[in-house]
Amino acid sequence: MLILVTGGTGYIGSHTCVELLNNNHDVIIVDNLVNSQAGVVERIATITGKKPLFYQADATDDSVMDLIFSTHKPDGVIHFAGLKAVGESVEIPLMYYRNNLLSTMVLLDNCLKHGVSHFVFSSSATVYGDNQVPFLETMELRPRTNPYGETKAMCERILTDVAQVNPELSVTLLRYFNPVGAHKSGLIGEAPQGIPNNLMPYITQVAKGSLQELKVFGNDYPTPDGTGVRDYIHVVDLAEGHVAAVEQAAPGVHVYNLGTGKGTSVLELITAFEEANNLKIPYRITERRAGDIAECYADVSKAREELGWTAKRGVFEMCRDAWRFEQIYAAEV
Ligand code: NAD
Ligand code: UDP
């Protein structure tokens with residue numbers, strides 16, 4: 001298949017391009033480089049031996065998207081392009097609503113116009129909010145009260161409504177848990193700008209010495225060790241989940257959790273990182289972070305049964321690969 005990948009030079013998109021190419025699909029990347037670099041295209045080519053087509057373009061630009069769809073006639077779209085920083089979405093909500101909603105609508109419109117029947121959307125476990133764990137696809141959505149989470153729930157709604165009146169359309173909503181790690185080559189991975197908000201990139205910055213210590217946000221949650229529990233998933237497992245989703249797309253709306261089904265606490269992740277990489281991570285317990293929930297992990301049975309997909313890589317591998325990427329990347333920039 002020929003897959004149009006928006007956000008394909010980003011963290012999850014780049015790993016998915018690699019897995020698509022490794023599985024003999026062709027790839028066109030559309031990315032405006034607001035949070036990634038064009039050099040990633042070359043790195044994807046180095047890993048796979050195949051160079052994807054790349055357009056530096058904005059997925060909200062209808063005329064450019066129309067041209068790309070009519071020129072290439074893709075079989076499917078995977079829509080990763082989006083802004084994703086929760087805190088920033090509270091500061092500049094309009095930019096988040098505009099970018100995340102408009103890109104989805106423009107792409108969907110072009111799918112209908114050009115007869116493209118497969119649409120895979122990057123959603124998030126954030127749509128479950130404070131439901132009871134493990135999170136099941138059938139649960140009522142309770143996006144946390146931030147514009148980022150709202151955009152994910154709204155896009156799911158838009159895609160579902162449009163699929164209902166276009167029965168030929170296949171919409172797959174993939175709800176990611178906490179993607180971490182990097183490709184084993186160390187050539188692609190997560191390289192956030194500035195001080196990271198998320199746990200794993202913060203840990204790698206501390207390991208590198210760029211940040212002095214990790215602040216553990218609260219140890220009084222109702223969890224086994226009191227720190228927050230998340231379902232960390234290796235980004236390559238996540239990428240493989242996308243290949244399974246595009247290959248098995250069928251008309252209708254399909255929702256899948258992509259996680260491991262296993263919760264890991266902040267302290268457990270620190271210990272795993274220290275053991276996997278043989279180093280120490282200084283940390284200090286601080287106040288809870290506003291808006292955090294105690295636990296977030298997936299029920300993964302639906303993806304296993306319907307897509308035949310399960311995450312294979314454990315926390316040790318996630319920590320080792322995250323650190324390898326940080327060292328190789330840091331040596332270059
Ligand atoms: P990322 O920022 O690394 O990648 C997103 C890419 O989209 C970037 O390369 C950016 O330049 C591009 N982009 C943004 N707006 C665009 C636009 N209008 N037109 C073209 N390109 C645009 O983020 P990621 O971690 O790879 O996330 C990919 C998707 O998965 C996002 O939609 C994100 O919300 C979702 N998601 C991520 C996580 C996570 O923890 N990383 C969790 C759940 C869901
Ligand atoms: N966390 C932390 N210190 C940090 C960043 C995160 O203790 O510097 C905790 C956070 O409170 C949560 C877990 O690590 O319990 C995962 O946070 P992250 O931001 O990576 O993911 P999310 O909360 O969005 O699932």
Side-chain angles (χ1 to χ4, degrees), residues 11-12 84-87 124-126 128-135 144 146 149 175-182 189-192 194-238 257-300 310-327 330:
Y11 174 45
I12 306 169
K84 62 166 185 176
V86 172
S124 165
T126 192
Y128 290 113
D130 58 0
N131 269 291
Q132 198 61 39
V133 283
F135 296 152
R144 274 182 260 173
N146 63 71
R175 294 180 182 155
Y176 312 154
F177 282 69
N178 289 58
V180 294
E190 188 174 19
I195 296 177
N197 296 311
N198 297 115
L199 182 59
M200 184 66 98
Y202 204 105
I203 290 178
T204 59
Q205 293 300 308
V206 173
K208 208 172 80 172
S210 304
L211 295 168
Q212 222 177 358
E213 62 175 5
L214 173 72
K215 295 183 195 72
V216 175
F217 297 144
N219 66 349
D220 56 352
Y221 284 105
T223 60
D225 65 21
T227 65
V229 165
R230 297 290 183 272
D231 184 342
Y232 298 97
I233 173 169
H234 196 295
V235 65
V236 175
D237 277 321
L238 191 61
N257 287 338
L258 295 185
T260 63
K262 186 179 175 301
T264 302
S265 74
V266 178
L267 295 182
E268 284 172 336
L269 194 71
I270 296 171
T271 305
F273 192 93
E274 290 180 334
E275 287 175 1
N277 299 310
N278 198 24
L279 39 76
K280 274 298 203 209
I281 300 297
Y283 70 87
R284 178 165 55 90
I285 309 288
T286 65
E287 293 295 294
R288 290 182 178 192
R289 181 172 65 180
D292 270 358
I293 54 172
E295 290 184 289
C296 171
Y297 55 88
D299 182 308
V300 290
T310 46
K312 297 193 283 282
R313 297 160 181 86
V315 171
F316 189 89
E317 209 167 337
M318 299 178 207
C319 292
R320 196 195 55 196
D321 292 344
W323 180 228
R324 184 191 296 115
F325 170 72
E326 183 57 49
Q327 289 171 293

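The structure displayed is predicted, hence computed values, not measured ones. Reckoned from all heavy atoms, side chains included, excluding hydrogens, waters and symmetry mates.
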Suppose we screen for side-chain contact (heavy atoms from CB on, under 4.5 Å). Which residues come up paired with [X], at least two apart in sequence or across chains?
X      : value
Ala125 : Tyr128, Phe177, Cys296
Asp299 : Pro134, Leu136, Ser301
Thr126 : Ser124, Arg144, Tyr148

For this session: Mind running side chain to side chain contact (heavy atoms under 4.5 Å, CB included) on Lys208 and Leu279 for me, showing each step along the way?
Result: CA-CA 10 Å; Lys208 208 172 80 172; Leu279 39 76; over 6 Å; no
For this session: Could you go through the side chain to side chain contact (heavy atoms under 4.5 Å, CB included) check for Tyr283 and Val206 one step at a time?
Result: CA-CA 9 Å; Tyr283 70 87; Val206 173; over 6 Å; no
Any sub-3.5 Å donor-acceptor pair from [X]'s side-chain atoms to [Y]'s backbone N or O?
X      : Y      : answer
Asn178 : Arg230 : no
Asn198 : Pro201 : no
Asn257 : Val300 : no
Asn197 : Ala85  : no
Asp237 : Arg313 : yes
Tyr11  : Val180 : yes

Which pairs would a plain distance check flag for residues 266-276, meaning a side-chain donor or acceptor within less than 3.5 Å of a matching protein atom at least two apart in sequence or in another chain?
residue	atom	partner	partner atom	Å
Glu268	OE1	Ser265	N	2.9
Thr271	OG1	Leu267	O	3.0
Glu274	OE2	Ile281	N	2.8

Problem set entry | Nearest-0.5 Å distance, CD1 of residue Ile233 to OG1 of residue Thr264 |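 If I round to the nearest 0.5 Å, the distance is 12.0 Å.
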For this session: Find the distance between OG1 (Thr260) and CG (Leu238) and round it off to the nearest 0.5 Å.
Result: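 The CG atom of Leu238 is 11.5 Å from OG1 of Thr260, to the nearest 0.5 Å.
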Acceptor/donor pairs from residues 210-219 side chains to any protein atom, 3.5 angstrom cut, sequence neighbours excluded:
residue	atom	partner	partner atom	Å
Glu213	OE2	Arg284	NE	2.5
Glu213	OE2	Arg284	NH2	3.1

Problem set entry | For Tyr176, all residues meeting side-chain hydrogen bond (donor to acceptor under 3.5 Å, both in side chains), sequence neighbours excluded | Ser122, His242
Exercise. side-chain hydrogen bond (donor to acceptor under 3.5 Å, both in side chains) with Thr223: which residues, sequence neighbours excluded?
Worked result: none
Exercise. Listed by chain and number, what are the salt bridge (charged side-chain N to carboxylate O under 4.0 Å, His left out) partners of Asp321, not counting sequence neighbours?
Worked result: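 Counting only residues at least two positions away or on another chain, Asp321 forms a salt bridge (charged side-chain N to carboxylate O under 4.0 Å, His left out) with Arg324.
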Problem set entry | Residues in salt bridge (charged side-chain N to carboxylate O under 4.0 Å, His left out) contact with Asp220, at least two apart in sequence or another chain | Arg288
Problem set entry | salt bridge (charged side-chain N to carboxylate O under 4.0 Å, His left out) evaluation trace for Lys84 with Glu190 | CA-CA 13 Å; Lys84 62 166 185 176; Glu190 188 174 19; 3.7 Å; yes
